[in-house]
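Fair warning: this is a prediction, and the values are worked out from it, not measured in the lab. Just follow the structure's listing: the first ligand is 1, and inside any ligand the first atom is 1. Basis for what follows: all heavy atoms, side chains included, without hydrogens, waters or symmetry-related copies.
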Amino acid sequence: MCGITGYLGTLPAVSTAINNLKRLEYRGYDSAGVAFISPQGLRVCRAEGRIVNLESAIKNEQAQSSVAIAHTRWATHGVPCEANSHPHRDCAGNVAVVHNGIIENYAQLRQELTARGHSFSSDTDTETLAHLIEEQLANATQPDLVTAVRDALKLVHGSYAVAVLWAGMPDCMVVARHDSPLIIGVGDSEMLIASDITAVMKYTRDVIVLEDGDCALVTREGATICNLNGDRVNRNHLSVDWDDTAAEKGGHAHFMLKEIYEGPRTVRETLRGRLTPEGLVNLNDLGLSAERIAAINRVCLIGCGTAYHAGVVARRFFEQLIRQPVEVHVASEYRYSDPILDENTLVVLISQSGETADTMAALRLARSYNAITLGVVNVIGSSLAREADARLITQAGPEIGVASTKAYLAQLTALTLLGLYLAEQRAPETASLQSEVRRALSSLPEWLEQCVALAPQMDALSAVVAESSGVFFLGRGYDYATALEAALKLKEISYLHAEAYPAGEMKHGPLALVEPGVTVVGLCTQRTTFDKMLSNLKEVSARSGAVVALIPNGQQVPENAEVTIELPKCPDALMPMLTIVPLQLLAYYVALRRGCPIDQPRNLAKSVTVE
Ligand code: F6R
């Protein structure tokens, strides 16, 4: 996501903070900014685009300071532009805040602050924090930045890593975290802060990793850490021995692996603020009126590659939940079709980048029929986010590995929320399925952590798969949709031939390909088809294919499977999110064993902006 750096010490603070920010450029961002305290008071400089633009802008400032905080922004609330870039200030311009994360109750806080006379200069959730801190300082008899930040954060729901400067205490900064990473680097008469260890490694390897609920006063002498009630807490120092390249990837060998590990957090962020206290889905910001939703009589889901596979999962889910016809299309086919569309069709375009040429062409085609268009998209300022009638932003943050992993999970999460939202409004007959899925949603991140922990097992399994002459992924229903994505992942990064089949189709042809050396991965997570899957896998064993089975915990282990992977048990409709994680890991480890350039597979690009 966004990047934060800060510096306090004897070096020029502004240029040091900006140089450290460059170490976080790989994450992707759309604007950058810095705040510092000069003899003239608190100053802020921001620029749209690359960090070099910020460096040119700051050249005109007298940026002499021993303390600075800096930020690269990846837009989540408000389009990418200078006004929405961090740092954000209070009304008086004495407080500056940089923030990663999402303030869920920002709309209400903003309304209340405006009623109390505050004026806002951005569309961001972050700016509310600057005004809240301003109020806490104004209301205190002996204003103190740490207390003000703590008290302001008590009013906030959501996730944050924040760093704050105040002109009233020019020799310190205050930082805090909840559900968003932040570290403090301890140097020799200098202190650094950052959202990622990489950013401070040039100056120190002595690091304090803050934990959720921590708030720290950072001065040149060190850091004093408390919880939000002001009780002192001690955190151990960590000695970092990573080399520079590994550091960028959070200690992982490749971005793809790092991004698989970020899956649970991505899902948590995409769900954040989307469930009301009553447990219903809140997508009111989509901007689709109740009348428009009531008029929908058909849904089309459209995407390419992995995004299309998210649509294949969602088609089944939507049909089960909203009991109306739902279609799923590959965008490159759809754009040249002669579609049956009208103003009562909801067309959902799914895309990580929001720039895929075929998906954009499908969007424009749908718009020409006056259909209702909705983008499920990861990049807020992208063409899809701008041109669709409505947008649902997935919260995966920048995805660097060419093979999509965490963005797929974010797409499935967003589509699950959308399906529930539509069903709540128009399909009372599926209320019990709706509540079964809603109840399970909050446990999803935890189950996903358990799936990520299967990495050593998938590594071991990859030794066999890497030697296979070919791989089949078989499944029924939701499992077939996951099989499609699993096969794509394996072939695109390991260059091993892989195919997905609906398990019942094998005997209509592809079974002829099964022979010794072929691995068949059976996805057996669906209650209604479990026994059928076992029979299909027996047909494979009878032809000497090696069988690997994925089953939910507690299910009968297939006797003919050479390896069985057990997954957490959850409602069938959510199993695709869990099942894909070990299969992403399998693809990763197979590619590693085959010596493939995992983050940049041959012939592929991250954003396919040509036809
Ligand atoms: C596969 C992969 C691609 C993309 C596809 C669509 O791992 O990443 O198949 O899913 O090119 O890209 P977006 O989602 O940016 O439209």
Tell me: protein heavy atom nearest atom 6 (C) of ligand 1, and distance?
Cys304 O, 3.4 Å
Should the pair Glu424-Arg438 be classified as a salt bridge under the 4.0 Å nitrogen-to-oxygen rule?
yes
Would you mind running through ligand 1 and noting each atom that sits below 4.0 Å from a heavy atom of Ala403?
7 (O)
Quick one: does Val402 get within less than 4.0 Å of ligand 1, heavy atoms only?
yes
One thing to verify: whether Asp179 and Arg265 come together as a salt bridge, which I'm taking to mean a side-chain N less than 4.0 angstrom from a carboxylate O.
no
Return the CE to OG1 distance between Met577 and Thr482, rounded to the nearest 0.5 Å.
10.0 Å
Just checking, any donor-acceptor pair under 3.5 angstrom between side chains of Thr198 and Arg23?
no
Using 4.0 Å as the upper bound for N to carboxylate O, is an ion pair formed by Glu319 and Arg315?
yes
Find all atoms of ligand 1 within a distance of less than 4.0 Å from any non-hydrogen atom belonging to Gly305, and give their numbers and elements.
9 (O)
among protein heavy atoms, the one nearest atom 14 (O) of ligand 1 is Gln352 N, 2.6 Å
Should Glu499 and Lys491 count as an ion pair when the cut-off is N to O under 4.0 Å?
no
Applying side chain to side chain donor-acceptor pair (under 3.5 Å), can you list everything that pairs with Gln457, at least two apart in sequence or on another chain?
none
Residue Glu492 vicinity, atoms of ligand 1 by number, heavy atom under 4.0 Å:
1 (C), 7 (O)
In a table with atom names and distances, give each donor-acceptor pair under 3.5 Å that connects a side chain of residues 397-404 to protein atoms at least two apart or in another chain.
unit_1 : atom_1 : unit_2 : atom_2 : d
Glu399 : OE1    : Ser404 : OG     : 3.1
Glu399 : OE1    : Lys606 : NZ     : 2.7
Glu399 : OE2    : Thr405 : N      : 2.9
Glu399 : OE2    : Lys406 : N      : 3.2
Glu399 : OE2    : Ala407 : N      : 3.0

Atoms in ligand 1 flagged as close to Ala307, the criterion being non-hydrogen separation under 4.0 Å
10 (O), 14 (O)
Could you check atom 11 (O) of ligand 1 against the protein and tell me its nearest heavy-atom contact, residue, atom and distance included?
Val608 CG2, 4.0 Å
Just need the protein heavy atom nearest to atom 2 (C) of ligand 1, so name the residue and atom and give the distance.
Thr306 OG1, 3.7 Å
Any heavy atom of Lys489 under 4.0 Å from ligand 1? The part involved is side chain
Tell me, which protein residue and heavy-atom name are nearest atom 15 (O) of ligand 1, and how many Å apart are they?
Ser353 OG, 2.6 Å
Please state which protein non-hydrogen atom is closest to atom 12 (O) of ligand 1 and give its distance, to 0.1 Å?
Thr356 OG1, 3.5 Å
